[in-house]
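Right, one structure below, let's go through it.
Any value given below was found using the heavy atoms of this structure, including those in side chains, with hydrogens, waters and symmetry copies removed. Numbers restart at 1 for each chain; the letters A, B, ... are given by sequence-line order, proteins then strands.
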Amino acid sequence: MEIRGLSVGYGGPPVLELDELTIEAGEFVSVLGPSGCGKSTLLSVLAGFVAPTTGTVAIDGQDVTHVAPNRRETGLVFQSYALFPHMTVRRNLEYGLRTRRVPRAERDERVADALRLVHLSDYADRYPQQLSGGQQQRVAIARALVTRPRVLLLDEPLSNLDAKLRRQMRHELRELQREVGTTTVFVTHDQAEALALSDRVALLAHGGLEQLGTPEELYRAPRTRFTADFVARRTCCRCARRTGGARCWAAPSRAPSGPRPSRCVPSTSCSSTPPAPRPPTVPAPGTVPRAHGPVRGLHGRALRVPPARRRRHRAARVPARHAALRRGRAGRDHVVRRRPPAPRDGDVTTPPVPADPAAEAPASAPCGRRDAGASCAVTSRRSRPPRSSCWRSSCRSPVSSC
Amino acid sequence: MLAFLVPLAGLLVLSLRPTDAMNNPLPGLTLAQYGEVFSTPYLWGSVVESLWLAVRVSLTCLVLGFPVAWYLARSTSPVGKAVVFVVTLSPLLTSEVVRSFGWRVVMAGEGPVNVALQALGLTDESLPLLRSPWTVFLAVVHVLLPFAVLALSASLGAIDANLLRASADLGASGVRTFRSVVLPLATPGVVAALVIVFSLSMGVYVTPMLVGGANQSLAGLRIQTEAMVAFDQPRAAALSFVLLTVTLVGCALIGLLGRAAERGRRG
């Protein structure tokens, strides 16, 4: 899917302007942004409900800018699901096939397949209002997928679910997308959702593209202050007035291999004198790298921690952050605190979190073998500081594997 | 409820009274009045005529009211909405008498319609438009259209716009969306509009009398004639009850049809 020179305005000044956005086949791209940034407009343009003032939209190399919505072959999943209340689940799914005049036998087969895919085979003859929110949402996705759309468009499909279900559904959504392989555009205002689900994230702000990249890039190398603030709030440090001389960057800066943010502005409230550079610590393979700078509490205030304890604190923080990043994917956040006290994170050199939870499995194995008896960083902080990359396993099954 | 049922019961009793030679009600109960109504074409013919008028009026109001109601429910332009709303409801804002006299003026022998028809060369002499049943039909539609629009726009406005988008996104054309999504979801509104317009036009009285005169074969006018000219109150009451029963049966049929349509689409 290619978008070029797009400009959209509802008869007034443009509310959305995009120079270029290309979405590869089979890719899962999140469109992330605060409300009013134009992300819903973008989706309406892609689905064909809003005609752009200028620019083109092409799907599979075919220009569809002026193609009516019912001929675009997009699959749109609404925030409110928009299931037809007067039709059963089966009829809802059949609808898109009937309009395409799919013969009955094939229709039945495809509907059955789609229902199986979303685990709702037993609910085919119910009406939407007889289903729970999560089930309705799965019906909406199945209804969009059963027509085999060229692009699946998701408009904040998770925002009407409660927090627990949301995490579960976003995991299922990603699995489903992998299974089907449909190119997917996922609109959301929830950065955790976007980071957890996508191959790439397009961050929109003020009707324009702020940054496009993998979740890893956006999180670790935010190009603008807005990105740093919106996506990776935790890497943006707040300056503590009490620690004179510290210089705060809006993103992790002095990690040995971490990319340095190019346009992050030093916090104005900080002293301009940068602290004396420390010799870069090159972490031994598989170890948790150390944090730099003083340990800080919740609001960026330096904690007066005795040197002996400091180390433990730092080590403990690392898993918390990465677990937070991974929270959506794995759906486990019982070990993650809402706001880890790590405003200053120099230590992002830990290997990137693999997108697939299955890939994490090997990491826990050596850890368990190497230091048997060591408890895990996140779950019990009072024990010895963990060695090796045991923090990964800690989040999966806390004590037993270490 | 009581204020409605007590007079109705009184009317029922009255319709069962026998009468003397001067049409005065006598004590006692008899079905003679109903027998009279069903054996006199002058009387039962008027009920059939009323029924036929009501069916035509309700269907016409439905067809004319639907687009207007759709516009009122879906339009995003507040000015356009306000204009359409006021124009649609204007018949309700004027007295029925004034409105009916308006039709008299328009449809008179030397009225604008006749003048226009002659100017266009469609007819040579002025037509007796006021005596035509179609003028009465038009006037009644004009009176009752606002009710249909109000009932329809309420139920059309309740349809989630996203359902229409979803339908389009699933490949449905406008016609298909209308047939498969809009119409089924608007069924309650359609039934409501039909019931309101049907029952009102069954009993319509002032407008036909002022537009077409008292000599038409319509149940409302016949009841008035029986009660006020012939002073045969029991017979007028009996005719009223026949009219009321036919109206109720008609409304029940409309409701059943609506439900059958809903079920048919589901099954």
_Any side-chain to backbone donor/acceptor pair from A/T99 onto B/L170? Under 3.5 Å, distance only._
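Yes: the side chain of A/T99 pairs with the backbone of B/L170.
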Minimum heavy-atom separation for [X] to [Y], with atom names?
X      : Y      : value
A/Y95  : B/T177 : OH-CA, 3.9 Å
B/L163 : A/P85  : CD1-CD, 3.8 Å
B/A166 : A/A82  : CB-O, 3.9 Å

*Going from OH on A/Y81 to CG on B/D160, what distance comes out if it is rounded to the nearest 0.5 angstrom?*
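So the OH of A/Y81 and the CG of B/D160 are separated by 13.0 Å.
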*How long is the gap from CG on B/L185 to CE on A/M87, to the nearest 0.5 Å?*
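Rounded to the nearest 0.5 Å, the CG-CE separation comes out at 8.0 Å.
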Need one label for [X]: side chain, backbone, both or neither, based on atoms under 4.5 Å from any heavy atom in chain B.
X      : value
A/F84  : both
A/T147 : side chain
A/L97  : neither
A/R100 : side chain

*Any idea which of A/A144, A/A68, A/P69, A/P149 has the most non-hydrogen atom pairs under 4.5 angstrom with chain B?*
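Answer, by heavy-atom pair count under 4.5 Å with chain B: A/P69.
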*Using a cut-off of under 4.5 Å for heavy-atom pairs, which of A/R143, A/E73, A/R71, A/Q79 has the most such pairs with chain B?*
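Option with the top pair count is A/R143.
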*Below 4.5 Å from any heavy atom of chain A, which atoms of B/D169 appear? Answer side chain, backbone, both or neither.*
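For B/D169, heavy atoms of backbone and side chain both lie under 4.5 Å from chain A.
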*Please step through side-chain contact (heavy atoms from CB on, under 4.5 Å) for the pair B/R165 and A/L76, ending with a clear verdict.*
CA-CA 9 Å; B/R165 292 175 134 212; A/L76 183 53; 5.5 Å; no
*Has B/F85 got more than 12 heavy atoms of other residues, nucleotides or ligands less than 6.0 Å from its CZ?*
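12 or below, so no.
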